[in-house]
There are 2 protein chains.
Amino acid sequence: MPLSRQGIALAALALIDEEGLESLSMRRLGARLGVEAMALYHHFPSKGDLLDAVMEQLLDEVEIPARDAMAPLDRLRALVTRYRGMALRHPPAFILLAARRFNTERAFAFYEVILEMFADLGFDAKQAARWFRLIGNFASGSGMADVASRERIADATPLRLEHDPEQIAFPRVRAVAPHLTVQSLDAVFEFGLDVLFAALAEAAPALKGLRRRSR
Amino acid sequence: MPLSRQGIALAALALIDEEGLESLSMRRLGARLGVEAMALYHHFPSKGDLLDAVMEQLLDEVEIPARDAMAPLDRLRALVTRYRGMALRHPPAFILLAARRFNTERAFAFYEVILEMFADLGFDAKQAARWFRLIGNFASGSGMADVASRERIADATPLRLEHDPEQIAFPRVRAVAPHLTVQSLDAVFEFGLDVLFAALAEAAPALKGLRRRSR
DNA sequence: ACCTGAACACCGTTCAAGT
DNA sequence: ACCTGAACACCGTTCAAGT
């Protein structure tokens, strides 16, 4: 069975998940696939292109709720929740999504569906751009922070906030620590979504009638 | 003049800003400082520790508004704005803050001041934790996204969203592109802050009286 | 078309040695 | 205490060669 772009990208993702982002090298990946490092260059012009393929692999894991399955607001919220869920399944790989640029066709296709949801909510392009960034940046930042708290990252020092908060000299940080443990992060994330989606519902032109009726 | 931790960290930050994160190597940094790579190990046990020092250098740049200078809400908003401002001054270095873990004394000191602001707004530890993460993750995600849009990152492909949006096959992405150009990013960020701080003001126990009076 | 193997110009870090 | 220099086990990538 010869190598394929998809097969290589999947193997790269597995290697990153198991051994960390820094452990991915063309030589090690080649060894995993039973091939010399240089064989990979026949499928990807550079390591950067391989990383782009890994990013697309991650995006593909985020299932987009069908348009007729739920209301626009619920669709968007489900998507954001799944995006963070993907982050938690791939802690070391998720950094790629935040650190590298989205510039591929599949990334644009992903954006298109999200922007369609904002259009369904009645927003024009300008408002869609702003809400898209607000919610998207929150999702991206949450993914990064929650991943960092779960310490699967390479050269990880023990997380003091998690393991010995009583050792921390700052009283407010110490008091907050129990509410930012790994077990609490889901609730913290949902709280953020509650705030953002309440504001979004309030602002969405398409929900104007609904709001009046419910008052 | 012998080397110092601070001097090395500043030189490392300058090197990252000028040539990108991947260009920072112990050998190149040593060369800049007129010293062999191994001399640096006398001041930092590993490259990771050096990167932690660079992160602290970045944090030190974010000036914290004095407690008596403005109202708690304005203080917090000013701080978040300055945090993103720092990101825009150090595009390639900012990735460190999002990708690496905050686990140093100075990072905790930074958190402590922010948590004090939430306490000033009347929040208990649990609520402070949630608002801290909501606003912090938005700030962090915004910094990353805005930095990526300004394309100072290494191995940068030209940003299609910025340079030839008319080439993009997806109509909604194309329509949104003009509202996400570099010139628009400040306004997009401010929009996010408007939404978040309106909700925060609404929720803050310490502002309850003020709200009643203004109605 | 697909893969190998040697080579080039790099890495972080160890270790023993210099002053 | 502070720095050097050689060495080790790695990198990404080029290039010529094999099938």
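Per chain, numbering begins at 1; letters A, B, ... match sequence-line order.
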Provide, to the nearest angstrom, the distance between the [atom1] atom belonging to [X] and the [atom2] atom belonging to [N].
| X | N | atom1 | atom2 | result |
| --- | --- | --- | --- | --- |
| B/L40 | D/dA1 | CG | P | 18 Å |
| B/L29 | C/dC10 | CG | P | 16 Å |
| A/L50 | D/dC11 | CG | C1' | 15 Å |

Name the stems with DNA chain D in them: runs of three or more consecutive Watson-Crick or G-U pairs, distances under 3.5 Å? C:4-8 with D:12-16, C:12-16 with D:4-8

Closest-nucleotide ordering on DNA chain C, the 5'-leading residue of A/V35 and B/S23: A/V35

Please write out the pairs of protein N or O atoms and N or O atoms of nucleotides 12-19 of chain C separated by less than 3.5 Å, giving the distance to one decimal.
residue: C/dG12; atom: OP1; partner: B/M26; partner atom: N; Å: 3.4
residue: C/dG12; atom: OP1; partner: B/K47; partner atom: NZ; Å: 2.9
residue: C/dG12; atom: OP2; partner: B/M26; partner atom: N; Å: 2.9
residue: C/dG12; atom: N7; partner: B/R27; partner atom: NH2; Å: 2.4
residue: C/dG12; atom: O6; partner: B/R27; partner atom: NH2; Å: 2.4
residue: C/dT13; atom: OP2; partner: B/Y41; partner atom: OH; Å: 2.6
residue: C/dT13; atom: OP2; partner: B/K47; partner atom: N; Å: 3.0

Under a 4.0 Å N-O cut-off, is there an ion pair linking B/E19 with B/R32? yes

Decide if the gap between the ring center of A/F94 and the ring center of A/Y83 is smaller than 6.0 angstrom. yes

Centre-to-centre under 6.0 Å for B/F189 and B/F138, is that the case here? yes

Could you walk me through whether B/D52 and B/R106 pass salt bridge (Lys or Arg N to Asp or Glu O under 4.0 Å), step by step? CA-CA 10 Å; B/D52 283 340; B/R106 251 140 102 197; over 6 Å; no

Would you mind telling me which of C/dG5, D/dT4, C/dA1 lies closest to the side-chain atoms of A/E36? C/dG5

Check whether NZ of the Lys or CZ of the Arg A/R172 lies under 6.0 Å from the centre of the six-membered ring of B/Y111 and within 45 degrees of that ring's axis. no

Tell me, please, whether B/F191 has A/R133 positioned over its six-membered ring: NZ or CZ under 6.0 Å from the ring centre and within 45 degrees of its axis? no

Less than 4.0 angstrom between a side-chain N/O of A/H43 and OP1 or OP2 of C/dC3, yes or no? yes

